[in-house]
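Below is one structure; the comments refer to it alone.
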Amino acid sequence: MTSPQIIDIHPHIIADDETRYPPAPLFGKRSEWSKERPTTVETLIAAMDAAGVAKAAVVHSSTTYGFDNSYVVDGCNQYADRLVAVGSVDVLQPDAPLRIREWVARGVAGLRLFTGGSTKDFDPSELDDPRAFPAWELCGELGLTMCIQTGPIGLPQVTALARRFPRVRILLDHLGRPEVADGPPYAKAQSLFDLAALENIYLKLTPRIFGDVKQERASAETFFPRVAEVFGAGRLAWGSNFPTSPGTLAEILATAHEGLACLNEVERAWIFGKTAQKLYPGLA
């Protein structure tokens, strides 16, 4: 049996040419990692080769470029056989559907809403703002997966969106950042498990959760089988968060393999590749 392809759905790239691709970070503050560990598309491809990662859905860096997806699109188009671009658009603007169509024409294969994170506290208010609904309608029409970067505070809005737009695949960055330190039965993460009934919600497993399950009463062996049982491995996908998270891509992947060793081979095949192809058909 041949080993399934490994696909990464959460690396970032930063241009080394600030004249052609000028930084204009969302919320006005550039993320530290993008200055300390800038990674061009060429560097990413080299890291993927070294780690044995076949393909990737590269996530636009909002904290570097705001809503200008030019570098992630241009970079991914250079390696169209291996990369697809996940872009970002201001969905609250009246011209959001037009902007989405323009970026899709240039190569964007999915979208992401950044409601907070490395440079700003989470503000989920834009998630269920009716001004955003035309953009969501278009995502359903075009078959675009929508990533959402939020924490537990935003899960009620995520629930409402999943119900309102059942045709849109919603992908939660960093597993929605659940609180897991209390250990089994993970009562503090119940708001995450409650999302499982909504079949268009998917979860992204990144270094954050692999670190969190090593704290206090949590463990990989008790948490990941529960998530796989509740959601199904076909709704879980691995993302490296490289180079935002420290370490080489190979080291980040090794940590994920170690954390998910408690799952069976079929479940791991979905998480490390097959779910990604469902979310981003261009990676198939």
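Computation of the quantities below employed the complete heavy-atom set of this structure, encompassing side-chain atoms and omitting hydrogens, waters and symmetry-equivalent molecules.
Taking 4.0 Å as the cut-off between side-chain N and carboxylate O, Glu32 and Lys35 count as a salt-bridged pair. The residues Glu216 and Lys188 are annotated as not salt-bridged, no charged nitrogen and carboxylate oxygen being separated by less than 4.0 angstrom. Salt bridge Arg226/Glu229: absent, no basic N to carboxylate O contact under 4.0 Å.
Among residue pairs with one or both ends in residues 195-217, those qualifying as ring-ring contact (aromatic ring centres under 6.0 Å, His included) are Phe210-Phe224; sequence neighbours excluded. Residue pairs meeting the side chain to side chain donor-acceptor pair (under 3.5 Å) criterion with at least one member in residues 39-51, sequence neighbours excluded: Thr40-Glu42, Thr40-Thr43, Asp49-Arg82. Screening residues 242-255 for salt bridge (Lys or Arg N to Asp or Glu O under 4.0 Å) gives no qualifying pairs among residues at least two apart or on separate chains.
Contact check for Arg37 versus His12: no side-chain heavy atoms found under the 4.5 Å cut-off. Using a 4.5 Å cut-off on side-chain heavy atoms (C-beta onward), Pro178 and Ile209 make contact. Using a 4.5 Å heavy-atom cutoff, the side chains of Val104 and Arg101 are not in contact. Under the 4.5 Å side-chain criterion, counting only non-hydrogen atoms from C-beta, Val108 is in contact with Val73. Residues Arg167 and Glu141 have side chains in contact (heavy-atom distance under 4.5 Å, counting atoms from C-beta outward). Counting only heavy atoms from C-beta outward, the side chains of Ile14 and Trp33 approach each other to under 4.5 Å.
Residues that satisfy the side chain to side chain donor-acceptor pair (under 3.5 Å) test with Ser219, not counting sequence neighbours, are Thr222. Residues meeting the side chain to side chain donor-acceptor pair (under 3.5 Å) test with Gln190, sequence neighbours left out: Asp194. For Trp103, there are no ring-ring contact (aromatic ring centres under 6.0 Å, His included) partners, not counting sequence neighbours. Looking at residues two or more places apart in sequence or on another chain, you find no side chain to side chain donor-acceptor pair (under 3.5 Å) involving Tyr79. Residues satisfying the side chain to side chain donor-acceptor pair (under 3.5 Å) criterion with Asp68, sequence neighbours excluded, are Ser70. Listed by chain and number, the residues in a ring-ring contact (aromatic ring centres under 6.0 Å, His included) with Phe231 amount to none (sequence neighbours excluded). For Tyr65, the ring-ring contact (aromatic ring centres under 6.0 Å, His included) test picks out no residue, with sequence neighbours left out.
Atoms CG and CD1, on Leu283 and Ile7 in that order, are 5.0 Å from each other to the nearest 0.5 Å. The CG atom of Leu198 lies 8.0 Å from the CD1 atom of Ile170; values are rounded to the nearest 0.5 Å. Note that the CZ atom of Arg169 and the NZ atom of Lys278 stand 9.0 Å from one another [nearest 0.5 Å]. Once rounded to the nearest 0.5 Å, the distance linking CG of Leu171 with CE of Met146 reads 11.0 Å.
Considering Asp212, Thr150, Thr206 as possible partners of His174, the one that fulfils the side-chain hydrogen bond (donor to acceptor under 3.5 Å, both in side chains) test is Thr206.
The hydrophobic cluster around Val266 extends to Trp270, counting ILVMFWY residues whose side-chain heavy atoms fall within less than 4.5 Å of a member.
In this structure a side-chain-to-backbone donor-acceptor pair under 3.5 Å is present from Arg217 to Asp182. In this structure, Thr145 contributes its side chain and Leu279 its backbone to a donor-acceptor pair below 3.5 Å. A distance-only check finds a donor-acceptor pair linking the side chain of Thr275 to the backbone of Ala233 [under 3.5 Å]. In this structure a side-chain-to-backbone donor-acceptor pair under 3.5 Å is present from Asn77 to Arg106. Although no hydrogens or angles enter the test, the distance criterion places no donor-acceptor pair under 3.5 Å between the side chain of Asn241 and the main chain of Thr244.
Ile252 and Val58 fall within a single hydrophobic cluster, where Ile, Leu, Val, Met, Phe, Trp and Tyr are joined by side-chain heavy atoms under 4.5 Å apart, directly or via other members. The cluster map of Ile, Leu, Val, Met, Phe, Trp and Tyr, joined by side-chain heavy atoms under 4.5 Å apart, puts Leu203 and Phe165 in the same cluster. The hydrophobic cluster containing Val59 does not contain Leu172, counting ILVMFWY residues as joined when their side-chain heavy atoms lie under 4.5 angstrom apart, directly or transitively. Placement of Trp238 and Tyr280 in two distinct hydrophobic clusters is found when ILVMFWY residues are connected by side-chain heavy-atom separations under 4.5 Å, directly or transitively. Both Phe133 and Ile148 are part of a single hydrophobic cluster, where members link through side-chain heavy atoms under 4.5 Å apart.
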Check: residues 20-28 side-chain donor-acceptor pairs under 3.5 Å, at least two apart:
unit_1, atom_1, unit_2, atom_2, d
Tyr21, OH, Asp74, OD2, 2.8

